Number of protein chains: 2
Amino acid sequence: MMMWERTTEGKGAASMALRHAVLAALLVGDGSGGDGGYSGYQLAKAFDIGVANFWHALPQQLYAELTKLEKEGLVAGRQVVQETRPNKRLFRVTEAGLAELAAFTAAPSKPSFIRDDLMVKVQAADSVDTGPLIEQLEERASVAEAKIELFGKLLRKMRGELDEEEFLRRGDRIGPYLTCLRGLALERENREWGLRVAAVLRARGPVRAER
Amino acid sequence: MMMWERTTEGKGAASMALRHAVLAALLVGDGSGGDGGYSGYQLAKAFDIGVANFWHALPQQLYAELTKLEKEGLVAGRQVVQETRPNKRLFRVTEAGLAELAAFTAAPSKPSFIRDDLMVKVQAADSVDTGPLIEQLEERASVAEAKIELFGKLLRKMRGELDEEEFLRRGDRIGPYLTCLRGLALERENREWGLRVAAVLRARGPVRAER
DNA sequence: CCTGATTAGTCACTTTCTTGACTATGATGA
DNA sequence: TCATCATAGTCAAGAAAGTGACTAATCAGG
């Protein structure tokens with residue numbers, strides 16, 4: 001039997017993946033945000049930095065998910081009337097939401113999944129023109145560089161005046177710090193790999209008579 | 001204007017993402033496989049090792065995609081009658097398929113995306129029971145360890161008797177080697193991060209009075 | 001005064017993925 | 001000999017995710 005025939009085995013596990021990412025992200029805004037909660041809009045921004053390290057979603061999806069979560073009582077929203085800006089709804093995680101997150105955390109994780117156009121292109125590098133590929137690899141390396149700096153700043157900000165060891169021992173809210181560390185490591189690898197592959201392909205020159 | 005309002009901009013880019021991963025994976029089977037091409041079944045296995053580093057897909061999707069690709073002339077399948085096994089169809093990439101891959105390679109890449117349950121859980125680590133989380137982190141580290149060894153073997157096999165520098169200069173088919181290198185780096189990071197986070201959470205002990 | 005950016009969302013449609021079957025045959029191991 | 005594994009697929013329903021367009025207010029700059 002091969003791997004895709006896991007019939008009748010992971011039965012009641014209920015995927016609905018985005019929701020847990022939303023709940024986890026919302027926890028951060030809850031309290032530190034000052035006014036207790038994130039709006040959909042703010043959540044979208046929080047996703048862009050930080051959460052983007054392990055989850056990607058467009059704002060439309062977040063709004064939709066927030067609506068569903070509210071209907072199920074996992075988050076509670078309250079209207080905030082603003083004069084200078086359009087009104088907004090601030091959401092915070094409810095007890096039920098926290099319970100849902102706890103259950104999710106206790107359940108087995110599905111293997112992480114990655115999807116990367118550039119890697120597909122590198123896989124085919126022996127059969128196609130490498131010119132544009134080299135450009136994209138170097139572009140990616142420089143994007144990674146920028147993220148590395150951004151994450152460095154974020155980490156410094158999160159740990160405040162404590163050093164890392166100290167913060168991880170005694171800080172509160174270390175979750176986002178730990179995921180950010182992973183993002184940092186990832187981007188470093190991204191940069192190294194991009195530069196290395198670009199160099200290798202450059203050194204080989206144009207692809208020789210294929211097929 | 002925010003990022004999700006890229007209206008009328010990436011218009012003709014045609015997503016259909018899986019197809020390029022399939023084409024790139026098929027290229028490897030084409031020739032080295034001996035009998036010229038991969039069957040859907042073999043492709044599924046190839047995806048599981050190697051391609052899984054940058055693309056995840058279930059066999060059902062691959063079969064479906066192969067059918068579509070054949071209808072569009074990007075791959076060609078031929079029936080192979082077997083006595084000892086069920087018959088199969090071997091697929092190879094056509095000229096048109098290669099052209100499609102080339103066009104894809106030249107076009108801008110969409111940002112890589114990751115989705116990782118475990119990271120979501122770590123993000124929420126300050127608010128939930130960390131016991132099962134620590135277990136999962138250590139489990140992941142050991143899975144990563146196994147992959148590291150597997151990739152080491154794969155790489156040695158691919159480069160044959162040459163050393164890495166030499167192979168990357170003169171070897172043919174370096175694409176899969178380069179993506180495998182990335183996979184290796186990724187798994188190493190996975191292992192380090194998993195062990196580190198598990199250690200940090202363990203040292204902190206159970207979560208203190210939440211909310 | 002007009003343009004564009006920022007805040008704050010909503011709606012509808014399409015594509016893709018996942019899930020859970022079901023069909024075959026031969027080989028291998030207990 | 002019986003069970004299971006490995007090969008080699010196919011099908012269909014439903015859930016999840018992604019895409020593109022649209023509304024609306026305010027503010028900042030030229």
Side-chain angles (χ1 to χ4, degrees), chain A residues 1-22 35 37-48 55-70 77-91 110-111 113 115, chain B residues 1-22 35 37-48 55-68 70 77-91 110-111 113-115:
Chain A
M1 181 199 310
M2 257 181 92
M3 61 290 182
W4 62 86
E5 304 231 31
R6 282 176 284 221
T7 28
T8 63
E9 180 245 303
K11 203 54 184 305
S15 21
M16 290 167 195
L18 178 56
R19 63 179 22 194
H20 302 112
V22 167
D35 39 6
Y38 274 158
S39 67
Y41 191 82
Q42 292 172 306
L43 181 62
K45 304 200 113 185
F47 251 70
D48 229 33
W55 209 276
H56 175 228
L58 295 171
Q60 292 95 314
Q61 294 172 260
L62 301 180
Y63 283 117
E65 196 62 42
L66 282 172
T67 304
K68 274 200 280 177
L69 284 168
E70 192 182 21
R78 67 197 166 84
Q79 184 78 12
V80 174
V81 179
Q82 297 182 121
E83 277 139 42
T84 117
R85 290 288 166 202
N87 295 343
K88 62 180 173 184
R89 314 202 60 207
L90 290 185
F91 295 94
K110 48 177 68 167
F113 101 41
R115 223 150 248 213
Chain B
M1 183 197 300
M2 257 181 94
M3 61 292 179
W4 62 83
E5 305 231 32
R6 283 177 282 220
T7 27
T8 64
E9 179 248 300
K11 202 56 184 303
S15 26
M16 291 166 193
L18 178 58
R19 60 181 23 199
H20 301 112
V22 168
D35 41 6
Y38 272 158
S39 69
Y41 191 81
Q42 292 172 307
L43 182 63
K45 305 200 110 186
F47 251 69
D48 229 34
W55 209 276
H56 176 187
L58 296 170
Q60 288 97 318
Q61 293 173 262
L62 300 181
Y63 283 118
E65 196 60 42
L66 282 171
T67 304
K68 275 200 279 177
E70 193 183 19
R78 69 198 163 83
Q79 183 80 10
V80 174
V81 180
Q82 297 182 121
E83 278 139 42
T84 117
R85 291 282 166 209
N87 296 342
K88 64 180 172 182
R89 313 203 61 208
L90 289 186
F91 294 93
K110 49 177 69 166
F113 99 44
I114 304 184
R115 226 154 243 209

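Below, chains carry the letters A, B, ... as their sequence lines are ordered, and counting in each starts from 1. None of these values were measured; they are calculated from a predicted model.
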Visitor: OP1 or OP2 of C/dT18 versus the side-chain N and O atoms of B/R115: is any pair under 4.0 Å?
Guide: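 Answer no for this pair, as no side-chain N or O of B/R115 is under 4.0 Å from OP1 or OP2.
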Visitor: C/dG9, D/dG9, D/dG18: which one has an atom nearest the side-chain heavy atoms of B/K88?
Guide: D/dG9
Visitor: Given atom NZ of A/K110 and atom C1' of C/dT18, what is their separation to the nearest angstrom?
Guide: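 Atom NZ in A/K110 sits about 8 Å away from atom C1' in C/dT18.
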Visitor: If you pin A/E83 and B/G40 to their nearest nucleotides in DNA chain D, which one's is more 5'?
Guide: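 Its nucleotide being nearer the 5' end, the pick is B/G40.
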Visitor: Please pick, from C/dC17, D/dG9, D/dG18, the nucleotide with the shortest atom-to-atom distance to any side-chain atom of B/L18.
Guide: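 Looking only at side-chain atoms, B/L18 lies closest to C/dC17.
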Visitor: In Å and rounded to the nearest 0.5 Å, what is the NZ to CZ distance from A/K110 to B/R115?
Guide: 10.0 Å
Visitor: Less than 4.0 angstrom between a side-chain N/O of A/R85 and OP1 or OP2 of C/dG9, yes or no?
Guide: no
Visitor: A/H20 has an atom NE2; how far is it from atom P of D/dA17, in whole Å?
Guide: 11 Å
Visitor: I want to check something: taking the side chain as every heavy atom from C-beta on, are B/Q42 and B/L90 in contact at a cut-off of under 4.5 Å?
Guide: yes
Visitor: Determine: side-chain N/O of B/Q61 to OP1/OP2 of C/dC17, distance under 4.0 Å, yes or no.
Guide: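 Looking at the OP1 and OP2 atoms of C/dC17, one of them is under 4.0 Å from a side-chain N or O of B/Q61.
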Visitor: Return the angle between end axes of the helix from C/dC1-D/dG30 to C/dA30-D/dT1, with five pairs used per end and rounding to 10°.
Guide: 40°
Visitor: Rounded to the nearest 0.5 Å, what separates atom CZ in A/R89 from atom OH in A/Y63?
Guide: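 Between A/R89 CZ and A/Y63 OH, I get 12.0 Å after rounding to 0.5 Å.
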Visitor: Can you name the nearest heavy-atom pair linking A/S39 to A/K88, along with the distance?
Guide: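 Of all heavy-atom pairs spanning A/S39 and A/K88, the closest is CB-CD, 4.1 Å.
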Visitor: Name the residue closer to the 5' end of DNA chain D, choosing between B/N87 and A/E65 according to the nucleotide with the nearest heavy atom.
Guide: B/N87
Visitor: Does A/S39 put a side-chain nitrogen or oxygen below 4.0 Å from OP1 or OP2 of C/dG9?
Guide: yes
Visitor: Go nucleotide by nucleotide along DNA chain C from the 5' end; which of A/T67 and A/P86 gets its closest nucleotide reached first?
Guide: A/P86
Visitor: Expressed as a whole number of angstroms, how long is the span from B/R89:CZ to D/dT7:C1'?
Guide: 17 Å
Visitor: Testing the basics here: between B/Q82 and B/N87, what is the closest heavy-atom pair and its distance to 0.1 Å?
Guide: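 Heavy atoms of B/Q82 and B/N87 come nearest at N-OD1, 2.8 Å.
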Visitor: Would you kindly give the OH-to-P distance between B/Y63 and D/dA12, to the nearest whole Å?
Guide: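 Checked: the OH to P distance equals 17 Å.
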Visitor: Measuring to OP1 and OP2 of C/dT7, would you say a side-chain N or O of A/Q42 lies under 4.0 angstrom away?
Guide: no
Visitor: Looking at D/dT7, I'd like to know if its phosphate oxygens (OP1 or OP2) sit under 4.0 Å from a side-chain N or O belonging to B/K45.
Guide: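 Result: yes.
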Visitor: Atom CG of A/L58 to atom C1' of C/dC11: distance rounded to whole Å?
Guide: 15 Å
Visitor: If you look at every heavy atom in B/L18 and B/A57, which pair is closest and at what distance?
Guide: CD1-CB, 3.9 Å
Visitor: Does B/Q60 contact C/dG20 through a side-chain donor or acceptor facing the base, at a distance under 3.5 Å?
Guide: yes
Visitor: Looking at NE2 of A/H20 and CG of A/L69, how far apart are the two atoms once the value is rounded to the nearest 0.5 Å?
Guide: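 Answer rounded to 0.5 Å: 8.5 Å.
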Visitor: What is the distance, to the nearest angstrom, from the CZ atom on A/R19 to the P atom on D/dA15?
Guide: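 Whole-Å distance recorded here is 13 Å.
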Visitor: Can you tell me the distance, in whole Å, between the CG atom of A/L43 and the P atom of C/dA8?
Guide: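 Interatomic distance, CG of A/L43 to P of C/dA8: 13 Å.
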Visitor: To check you understand the geometry: which heavy-atom pair defines the closest contact between A/G77 and A/F91, and what is its length?
Guide: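 Closest approach of A/G77 to A/F91, heavy atoms only: CA-CD2, 3.6 Å.
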Visitor: Measure the distance from CD on A/Q82 to P on D/dT26 and round it to the nearest whole Å.
Guide: 12 Å
Visitor: Counting just side-chain N and O atoms, does A/Y41 come under 4.0 Å of either OP1 or OP2 of C/dT7?
Guide: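 It does, given that an N or O in the side chain of A/Y41 lies less than 4.0 Å from OP1 or OP2 of C/dT7.
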